[in-house]
Number of protein chains: 2
Amino acid sequence: MLSLTEENYLKAIYHLSNDGTKGVTTNMLADQLSMRAASVTDMIKKLATKDVISYEKYKGVNITPAGKKIALYIIRKHRLWEVFLVDKLKFQWDEVHDIAEQLEHIKSELLIKRLDEFLDYPSVDPHGDPIPDEHGELAVAKKLQIAECLPGQLMQVIAVDNSDAQFLKHLDRIGIYLGAKVKVLETVEFDGSVEIEIDRRPSVYISKQTAENILVTEK
Amino acid sequence: MLSLTEENYLKAIYHLSNDGTKGVTTNMLADQLSMRAASVTDMIKKLATKDVISYEKYKGVNITPAGKKIALYIIRKHRLWEVFLVDKLKFQWDEVHDIAEQLEHIKSELLIKRLDEFLDYPSVDPHGDPIPDEHGELAVAKKLQIAECLPGQLMQVIAVDNSDAQFLKHLDRIGIYLGAKVKVLETVEFDGSVEIEIDRRPSVYISKQTAENILVTEK
DNA sequence: AAATTAATTTAGATTTAACTAAAAATATTT
DNA sequence: AAATATTTTTAGTTAAATCTAAATTAATTT
Ligand SMILES: [Mn+2]
Ligand SMILES: [Mn+2]
Ligand SMILES: [Mn+2]
Ligand SMILES: [Mn+2]
């Protein structure tokens, strides 16, 4: 049984490892968790003894199959709670992440089973991220950043790659939501910003950073 | 802001103090929390510096108005979550207490406001305990133990004084639920057990301990 | 291949929340 | 009023999770 702190480290490792496909360095973790490298070294040693990651001094860590399973279950809980907050409690999509950070650590398998049922087995969270199933399986849809699209392409927003309230509120202001239809008009060489048309309304410019965090699929 | 541990101590103090009306000793707390007296002494010193209790060496503690307000807010959260679990997620009344012990520490005022709304402003939890309102006001109904009733009295079950799963499952087996009509037939001098009739079915005996934990009102 | 820089680990310290054992204060019994 | 028992506190330890500063290892530049 992992502590809340250990769960947060493991989840961070999972995310940074790109679904367990890449190694994760001490500094990457320190950065992600706003913690000092020395603290991270201590914790990864502990997690390695629990066999949820493998660790070689100075070589970084890799998540193990057991660790990945636990990480995906935490992510499942996080995303189910986000759906609950938005669908049932009428929260906005920019308000739910921090609360879900707390709720994801509640321990009760039955609770999550019942919550899933109550929410009618959702497959994605309010930001378009897929919800792992009970067996830890993740449906991966291929997503493109708006920043990568070519002028003329007509796309549909299927997810966002960032759950910061500031970013999501910005999307609200410019009229982006999951399901919105976006036509890419032009990419500005100078600063990487992109001119887009959302749901056939007058076009707007979005910054490179914004365009990299909006994920779309061909429509 | 109190830590999870401090919140649990404060809640225990509130409960043991009978709504803040009585002092609470070190040993009472150690007992309630399954902790050593020395640990309790440390923690009550800390809580006293935070002005949620007053403490005099060797004299035990008293909860302050500020402490009572915080305790009632934790209890409010606990009971609202229990209603959620039973009403929305179809849990049994004996399954919810331990999960609510975790959920009560989630920090978000908005979450509790929205949950209350979602549950349509319930006034009691699944065990008949009143839910403090947003201002920390508690509606106190006067409740009688079955053990205190006189033979011949017709009563209605309005609450239970114990949320242990074993006790609640026992009530399920003998047919006691909130709202059940109970006729007290006889009190056995020898062991304090009580013969009762539930919803006009054939009479049963319940132990003194059981009779002390079922709360009723005249019907 | 040195020298320098960057990343990582080690050593030692701190805080929180627990513990045991011993001391001190209070309460009860004789 | 002593003696005894009980309760509570103090003193010193431990484990978890952090930190800073110093040492070590690895990577990069000259
Ligand atoms: Mn989130
Ligand atoms: Mn978390
Ligand atoms: Mn409860
Ligand atoms: Mn609790």
Side-chain angles (χ1 to χ4, degrees), chain A residues 1-18 22-63 67 70-71 74 101-102 104-107, chain B residues 1-17 22-63 67 70-71 74 98 101-102 104-107:
Chain A
M1 185 67 69
L2 301 187
S3 70
L4 185 148
T5 309
E6 290 168 337
E7 287 192 349
N8 282 336
Y9 269 88
L10 189 62
K11 195 164 67 109
I13 291 167
Y14 173 82
H15 283 308
L16 291 171
S17 74
N18 190 224
K22 294 188 317 190
V24 175
T25 67
T26 302
N27 269 359
M28 282 163 73
L29 268 170
D31 214 67
Q32 171 86 14
L33 296 166
S34 300
M35 221 154 277
R36 298 313 179 118
S39 311
V40 171
T41 299
D42 283 347
M43 180 55 83
I44 63 187
K45 280 181 189 166
K46 183 148 60 117
L47 289 175
T49 71
K50 298 194 172 190
D51 294 319
V52 293
I53 60 175
S54 59
Y55 167 55
E56 245 190 300
K57 257 195 197 180
Y58 296 103
K59 298 282 180 59
V61 301
N62 286 93
I63 198 162
I70 295 170
I74 302 166
E101 276 299 310
Q102 299 179 61
E104 73 188 5
H105 303 288
I106 301 292
K107 262 133 191 128
Chain B
M1 186 67 69
L2 301 187
S3 70
L4 185 149
T5 308
E6 291 168 337
E7 286 192 349
N8 281 336
Y9 269 89
L10 190 62
K11 193 163 68 114
I13 291 166
Y14 173 82
H15 282 309
L16 291 171
S17 73
K22 294 187 318 190
V24 175
T25 67
T26 302
N27 268 359
M28 283 162 72
L29 268 170
D31 216 66
Q32 172 84 16
L33 296 166
S34 302
M35 224 155 273
R36 299 312 179 117
S39 311
V40 171
T41 299
D42 283 347
M43 182 54 85
I44 62 188
K45 280 181 188 165
K46 182 148 60 122
L47 289 176
T49 70
K50 297 194 172 189
D51 294 318
V52 293
I53 60 175
S54 59
Y55 166 55
E56 244 190 299
K57 256 194 198 182
Y58 296 104
K59 297 281 179 62
V61 301
N62 286 92
I63 197 163
I70 295 170
I74 301 166
D98 293 347
E101 276 299 311
Q102 300 179 61
E104 73 189 5
H105 302 289
I106 301 292
K107 263 131 192 129

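Letters go in sequence order (proteins before strands), and every chain restarts at 1.
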Under 4.0 angstrom between Thr26(A) side-chain N/O and dT9(C) OP1 or OP2:
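The answer is yes; a side-chain N or O of Thr26(A) sits under 4.0 Å from OP1 or OP2.
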
N/O (side chain, Lys57(A)) to phosphate O (OP1/OP2, dT24(D)) under 4.0 Å:
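The answer is no; no side-chain N or O of Lys57(A) sits under 4.0 Å from OP1 or OP2.
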
Could you state the [atom1]-[atom2] distance from [X] to [N], rounded to the nearest angstrom?
{"X": "Met43(A)", "N": "dA15(D)", "atom1": "CE", "atom2": "C1'", "result": "12 Å"}
{"X": "Leu33(A)", "N": "dT18(D)", "atom1": "CG", "atom2": "P", "result": "9 Å"}
{"X": "Asn27(B)", "N": "dT26(C)", "atom1": "CG", "atom2": "C1'", "result": "12 Å"}
{"X": "Lys45(A)", "N": "dA16(D)", "atom1": "NZ", "atom2": "P", "result": "14 Å"}
{"X": "Tyr55(A)", "N": "dT8(C)", "atom1": "OH", "atom2": "C1'", "result": "7 Å"}

With sequence neighbours left out, the residues meeting side chain to side chain contact (heavy atoms under 4.5 Å, CB included) with Asn8(B) are Leu4(B), Lys11(B), Glu101(B), Glu104(B), His105(B)

Which value, rounded to the nearest 0.5 Å, describes the distance between Leu2(B) atom CG and Ile70(B) atom CD1?
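Rounded to the nearest 0.5 Å, the CG-CD1 separation comes out at 5.0 Å.
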
Rounded at 0.5 Å granularity, tell me how far OH in Tyr55(A) sits from OG1 in Thr26(A).
5.5 Å

Nearest to the side chain of Ile44(A), which nucleotide is it out of dA18(C), dT9(D), dT9(C)?
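Closest nucleotide to the Ile44(A) side chain: dT9(C).
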
Mind checking salt bridge (charged side-chain N to carboxylate O under 4.0 Å, His left out) for [X] and listing every partner two or more places apart, or none if nothing turns up?
{"X": "Lys22(A)", "answer": "none"}
{"X": "Glu6(B)", "answer": "Lys46(B), Lys50(B)"}
{"X": "Lys45(A)", "answer": "none"}

Leu47(B) side chain reached by Val61(B) side chain, heavy atoms, under 4.5 Å
no

Kindly state which residues belonging to residues 2-15 of chain B come within less than 4.0 angstrom of DNA chain D, counting heavy atoms of the residue only, listed by number.
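Residues of residues 2-15 of chain B that come under 4.0 Å of DNA chain D do not exist, since none gets that close.
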
Pairs: protein N or O with nucleotides 19-23 of chain C N or O, under 3.5 Å:
from: dC19(C); atom 1: OP2; to: Arg36(B); atom 2: N; distance (Å): 3.1
from: dC19(C); atom 1: OP2; to: Ser39(B); atom 2: OG; distance (Å): 2.4
from: dT20(C); atom 1: OP2; to: Arg36(B); atom 2: NE; distance (Å): 3.4

Who pairs with Lys59(B) by side chain to side chain donor-acceptor pair (under 3.5 Å), at least two apart in sequence or on another chain?
none

Identify every side-chain donor-acceptor pair in residues 27-43 of chain B under 3.5 Å, counting partners at least two apart or on other chains, and give the distances.
from: Thr41(B); atom 1: OG1; to: Ala37(B); atom 2: O; distance (Å): 3.2

